[in-house]
Student: 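Pasting in a structure now, in structure tokens, and then I'll have a few things to ask.
Everything numeric here is computed off the predicted structure, so don't read it as measured data. Just so you know, these numbers use all the heavy atoms, side chains as well, and skip hydrogens, waters and symmetry mates.
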Amino acid sequence: MKVELVKTVFLLPKTEKQIIYYAPWLHAGLSCNHRIGRRVQCYLDTGSAINVFPLEYAQVFLGFSETSIKRGMYMPITGAGNSKNEAWGYKCTLDLGDIVLKDTLVFFLANQPYPLLGQAGFIDRFKRIEINMKDKFIEFEQ
Amino acid sequence: MEINNRILIDYRKKYQNKWVAKDIKTRTVLEADQSLAVLDKKMRELNKDYLLEKVLPLYSVFIPSAVL
């Protein structure tokens, strides 16, 4: 599976200087709890140990509530700056279109702005992941 | 073809911090809202399949694990 890197621009607040980079965004749909979620743009985050989806996604598409989500696997999370949070994990199916990953562990976290695809349950499901910055694509081999 | 920087900046300015529903084929924006539940309700009323995207703020750098 080959996916184009996405050109992204942000601005420095005082100078309006443009910073441009090419980001590894992938579209994936998540099925869990006998429900199928919408395909959503996910960030491939090699620095994340796990897959993390916003709790909001689980509530809107997967039939979980703030209470019922807590029946999942509890996981304390430490982020940058030693920030602490807690997430709950479920075995889900991740549908990337060309590739479908079954029984993969996804954690749901409040205030997570968008999904992250991390090491356990995503990156470790592939034999090779190559980021080609010259031609601006990312390639996955299973 | 590369997208012009100005188009990307205008898109981020207009939709920053919102969930955006995009047409699956054309990738044009169909609806946007800060609440995913509200956006999905709007889209169910339109009875249209869509791709979801969360638009990041224009004036800040994103480090995924720093948002916790």
Student: Would you please go through residues 26-33 of chain B and name the residues with a non-hydrogen atom below 4.5 Å from one of chain A, in numerical order?
Tutor: B:R27
Student: Measure up the A:F140 and A:F126 rings against each other and bin them: parallel (under 30°), tilted (30 to 60°), perpendicular (over 60°).
Tutor: tilted
Student: Do A:Q18 and A:L11 come within less than 4.5 Å of each other through their side chains, counting heavy atoms only?
Tutor: yes
Student: What pairs meet the salt bridge (charged side-chain N to carboxylate O under 4.0 Å, His left out) rule with one or both residues in residues 108-127 of chain A, with sequence neighbours excluded?
Tutor: A:K127-A:E141
Student: Would you call A:E4-A:K136 a salt bridge at under 4.0 Å N-O?
Tutor: no
Student: Can you check whether A:P113 reaches A:P54 side chain to side chain, under 4.5 Å on heavy atoms?
Tutor: no
Student: Got A:I138 and A:I129 here, is their nearest side-chain heavy-atom distance under 4.5 Å?
Tutor: yes
Student: Got a second to check how far A:C42's SG is from A:L117's CG, nearest 0.5 Å?
Tutor: 4.5 Å
Student: Sort B:Y11 into side chain, backbone, both or neither according to what part of it lies under 4.5 angstrom from a heavy atom of chain A.
Tutor: neither
Student: Would you say the rings of A:Y90 and A:F64 are close, in the sense that their centroids are separated by under 6.0 Å?
Tutor: yes
Student: Among A:D45, A:V106, A:L30, find the residue that satisfies the side-chain contact (heavy atoms from CB on, under 4.5 Å) test when tested with A:N51.
Tutor: A:V106
Student: Identify which part of B:I9 has an atom lying under 4.5 Å from any heavy atom of chain A, answering side chain, backbone, both or neither.
Tutor: side chain
Student: Would A:Q41 and A:Y114 count as having a side-chain donor-acceptor pair, cut-off 3.5 Å?
Tutor: no
Student: Given a strict heavy-atom distance threshold of 4.5 Å, which part of A:E56 is in contact with chain B: side chain, backbone, both, or neither?
Tutor: both
Student: Against chain B, work out which of A:V40, A:I20, A:I19, A:T8 has the most heavy-atom pairs shorter than 4.5 Å and name it.
Tutor: A:V40
Student: Which atom pairs, donor and acceptor, lie under 3.5 Å between side-chain atoms of residues 91-104 of chain A and protein residues at least two apart or in another chain?
Tutor:
from   : atom 1 : to     : atom 2 : distance (Å)
A:D95  : OD1    : A:G97  : N      : 2.8
A:T104 : OG1    : A:G121 : O      : 2.4

Student: Does any backbone or side-chain atom of A:L12 lie under 4.5 Å from a heavy atom of chain B? Answer side chain, backbone, both or neither.
Tutor: backbone
Student: Please confirm whether A:W88 and A:F107 have ring centers closer than 6.0 angstrom.
Tutor: no
Student: At a 4.5 Å cut-off on heavy atoms, which part of A:Q59 comes close to chain B: side chain, backbone, both, or neither?
Tutor: neither
Student: Are there residues of residues 36-48 of chain B whose heavy atoms fall under 4.5 Å of chain A's heavy atoms? If so, which?
Tutor: B:L36, B:A37, B:D40, B:K48
Student: Pick one of side chain, backbone, both or neither for B:N17, based on which atoms fall under 4.5 Å of a heavy atom in chain A.
Tutor: neither
Student: For atom CD of A:E139, is the number of surrounding heavy atoms from other residues, nucleotides or ligands below 6.0 Å larger than 12?
Tutor: yes
